[in-house]
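Computed from heavy atoms alone, side chains included, the values below leave out hydrogens, waters and symmetry copies. Predicted model only: the values in this text are computed from it and were never measured. Counting convention: from 1, in listed order, for ligands and their atoms alike.
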Amino acid sequence: MKKRITIQYIIIAITAIILTLVLTIAVFYRVFTTEMINDLENYADILAGTGVFELEGDFNKVPDIQGLNVALMDSDGNVEYDSALESGYRDNQKDMPEVKDALEKGNGHSVRHSDTKGKNVFYYTLRLDNGKVLRVSKESGSLLGIFSEAFPVLMVILMVMAAGCFILAHILTRSLIKPIENIAEELDGTVPGNVYRELTPFVSMIQKQHEDILKNAKMRQEFTANVSHELKTPLTSISGYAELIETGMATDADIIRFASEIHKSSKRLLTLINDIIRLSELDVMDQQVDKEETDIYDIAYNCVSMLQLSAERHKVSIEIYGKHEVIYADKDMMEELVYNLCDNAIRYNKKDGEVFVTVDDYIDEDRRKHVVLSVRDTGIGISREHQERIFERFYRVDKSRSKSTGGTGLGLAIVKHIVAQHGARMTLNSDEGTGTEIRVIF
Ligand code: ADP
């Protein structure tokens with residue numbers, strides 16, 4: 001980028017220099033031509049004023065002016081006198097434009113290029129009172145001549161200027177690029193102050209992405225650490241009990257107890273691994289959801305039936321309300337979602353508590369219909385400070401209660417994923433000690 005900008009600067013500068021030079025020379029030459037003709041006109045006037053050309057054949061008195069040619073022609077164009085001519089012969093000049101003009105209008109001028117001398121000759125003609133034509137002329141270098149004479153000097157100027165341009169272009173490019181380079185160094189802070197206004201949205205976007213990447217990386221790292229930690233506990237217990245049996249010192253009764261502990265821990269391990277696999281599947285799947293027309297009431301109904309037994313065990317009642325509503329969703333995921341919410345509502349409930357599962361709809365201000373699934377319980381509730389965090393992976397308000405009821409801390413994280421993949425949103429309403437309601441709005 002730097003190189004390109006520098007090159008462009010240099011091209012612009014050199015083009016400007018050359019154009020200026022050419023135009024200056026052209027203007028200068030025009031001014032010079034006018035001046036020359038004016039000079040010649042003055043000479044002609046002065047010479048005519050001396051009156052020497054009124055006298056017949058007496059041209060000795062014609063003043064000799066350095067570099068100036070003087071000629072006199074009769075009204076037919078025959079040359080009577082020419083200061084540049086030794087012998088008195090010269091072609092008839094009647095057809096020369098300046099002579100013609102003088103004969104017709106009183107004066108005339110012209111410029112002719114002489115190939116033999118490589119110079120331009122300027123002519124000025126004046127018709128005298130006696131009808132003869134006085135012509136004064138002067139030589140000068142042609143435009144090309146002047147140009148080629150000045151060429152070496154021009155070249156030097158051009159090169160000095162080009163070198164100057166090169167250095168300037170380099171400095172300018174550097175100062176132009178500097179703020180952009182700064183962006184990369186200050187990515188994690190706020191938008192650098194000296195950045196171009198046009199780039200601010202771009203920088204903000206990159207910063208946001210950068211932050212997201214960092215956050216994601218941190219989350220993954222934490223997740224991995226949590227996974228290892230969670231897997232370690234049941235494995236340690238399995239290994240411990242197995243070791244005790246291995247020593248052969250355990251009684252038969254012990255062995256049965258140890259085996260039951262091993263069974264419990266391995267079941268926990270399996271649940272954990274299943275949830276972890278499910279989460280990473282959902283992570284990878286992103287948007288490839290197998291959606292179809294799904295009656296969410298039917299799904300909720302099945303789920304409630306399935307959990308009836310578990311509810312009884314927890315001394316909790318679970319009921320379904322509402323009406324049939326069809327949404328466009330992945331059936332398996334919907335089952336998972338309802339199951340997780342209802343399972344939590346049962347597990348974090350109180351003795352003789354209740355769970356209400358409701359499927360309903362409503363029309364919003366934009367006249368769009370929304371289907372709402374609500375799972376409400378009269379359980380222990382969640383205090384305000386935990387409410388925001390319960391959807392995080394492995395986050396549990398009461399770890400031992402979660403564990404003792406077979407929780408992994410991943411259920412709501414899975415729910416959150418499923419909700420996001422269906423373009424739905426979730427609201428949480430909970431009071432500690434009173435109960436919790438989670439609503440999923442499609
Ligand atoms: P877990 O497997 O521990 O239940 P979840 O992700 O399903 O994990 O829930 C995270 C935490 O949120 C739970 O440990 C619990 O503390 C809290 N929680 C979830 N649902 C409820 C609820 N209905 N009532 C009270 N607390 C709840």
Side-chain angles (χ1 to χ4, degrees), residues 219 222-223 226-227 229-234 264-265 267-283 300 303-304 306-308 310-311 313-321 333-358 372-421 424-440:
M219 254 170 59
E222 272 174 15
F223 183 62
N226 279 332
V227 166
H229 182 78
E230 296 286 338
L231 294 179
K232 215 169 141 187
T233 323
K264 222 166 77 190
S265 290
K267 250 168 67 184
R268 169 149 190 81
L269 212 53
L270 271 176
T271 332
L272 262 170
I273 290 170
N274 273 335
D275 274 1
I276 292 164
I277 289 176
R278 185 70 192 122
L279 253 182
S280 43
E281 266 175 11
L282 285 169
D283 265 344
C303 210
V304 168
M306 205 158 58
L307 280 166
Q308 213 58 259
S310 158
R313 259 208 318 270
H314 285 88
K315 308 240 179 314
V316 170
S317 74
I318 180 163
E319 291 293 336
I320 177 151
Y321 300 90
M333 285 190 179
M334 284 306 115
E335 270 169 24
E336 219 173 335
L337 179 137
V338 181
Y339 182 90
N340 273 318
L341 292 180
C342 294
D343 186 43
N344 280 354
I346 293 169
R347 282 165 46 229
Y348 301 104
N349 220 313
K350 299 177 192 159
K351 192 167 172 275
D352 297 327
E354 290 168 290
V355 177
F356 307 97
V357 182
T358 314
V372 182
L373 165 83
S374 152
V375 178
R376 185 165 70 84
D377 64 62
T378 56
I380 58 169
I382 306 155
S383 68
R384 197 149 283 277
E385 83 234 51
H386 294 296
Q387 285 184 12
E388 260 182 32
R389 302 202 54 191
I390 55 165
F391 295 97
E392 288 174 18
R393 298 166 180 200
F394 292 118
Y395 191 85
R396 284 163 286 198
V397 178
D398 178 352
K399 205 163 179 171
S400 62
R401 177 162 187 151
S402 161
K403 257 188 185 167
S404 66
T405 51
T408 57
L410 293 176
L412 286 182
I414 292 174
V415 166
K416 190 176 152 188
H417 243 298
I418 294 175
V419 167
Q421 286 190 0
R425 69 192 170 85
M426 219 176 352
T427 63
L428 168 72
N429 195 348
S430 182
D431 270 324
E432 203 175 359
T434 319
T436 305
E437 181 181 17
I438 292 181
R439 282 151 58 92
V440 183

Salt bridge (charged side-chain N to carboxylate O under 4.0 Å, His left out) partners for R425, two or more places apart: none
Which N/O atoms of ligand 1 sit under 3.5 Å from a protein N/O, and at what distances?
| residue | atom | partner | partner atom | Å |
| --- | --- | --- | --- | --- |
| ligand 1 | 2 (O) | T408 | N | 2.7 |
| ligand 1 | 2 (O) | G409 | N | 2.8 |
| ligand 1 | 3 (O) | Y348 | OH | 3.1 |
| ligand 1 | 3 (O) | S402 | OG | 2.6 |
| ligand 1 | 3 (O) | G409 | N | 3.3 |
| ligand 1 | 4 (O) | N344 | OD1 | 3.3 |
| ligand 1 | 4 (O) | R347 | NH2 | 3.0 |
| ligand 1 | 4 (O) | Y348 | OH | 2.8 |
| ligand 1 | 6 (O) | G411 | N | 3.3 |
| ligand 1 | 6 (O) | L412 | N | 2.8 |
| ligand 1 | 7 (O) | N344 | OD1 | 3.3 |
| ligand 1 | 7 (O) | N344 | ND2 | 2.8 |
| ligand 1 | 7 (O) | L412 | N | 3.4 |
| ligand 1 | 8 (O) | G409 | N | 3.3 |
| ligand 1 | 14 (O) | Y348 | OH | 3.1 |
| ligand 1 | 16 (O) | V397 | N | 3.1 |
| ligand 1 | 20 (N) | N344 | ND2 | 3.4 |
| ligand 1 | 23 (N) | D377 | OD2 | 2.9 |
| ligand 1 | 24 (N) | T436 | OG1 | 3.4 |

How about L410 and F223: do any of their side-chain heavy atoms sit closer than 4.5 Å? yes
Would you tell me whether T358 and S374 have side-chain atoms, one donor and one acceptor, within less than 3.5 Å of each other? no
Can you find a pair of side-chain heavy atoms, one from F394 and one from L272, that are under 4.5 Å apart? yes
Within 6.0 angstrom of E222 CD, more than 12 heavy atoms from elsewhere: yes
Can any side-chain N or O of R396 pair as donor or acceptor with the backbone N or O of S402 at less than 3.5 Å? no
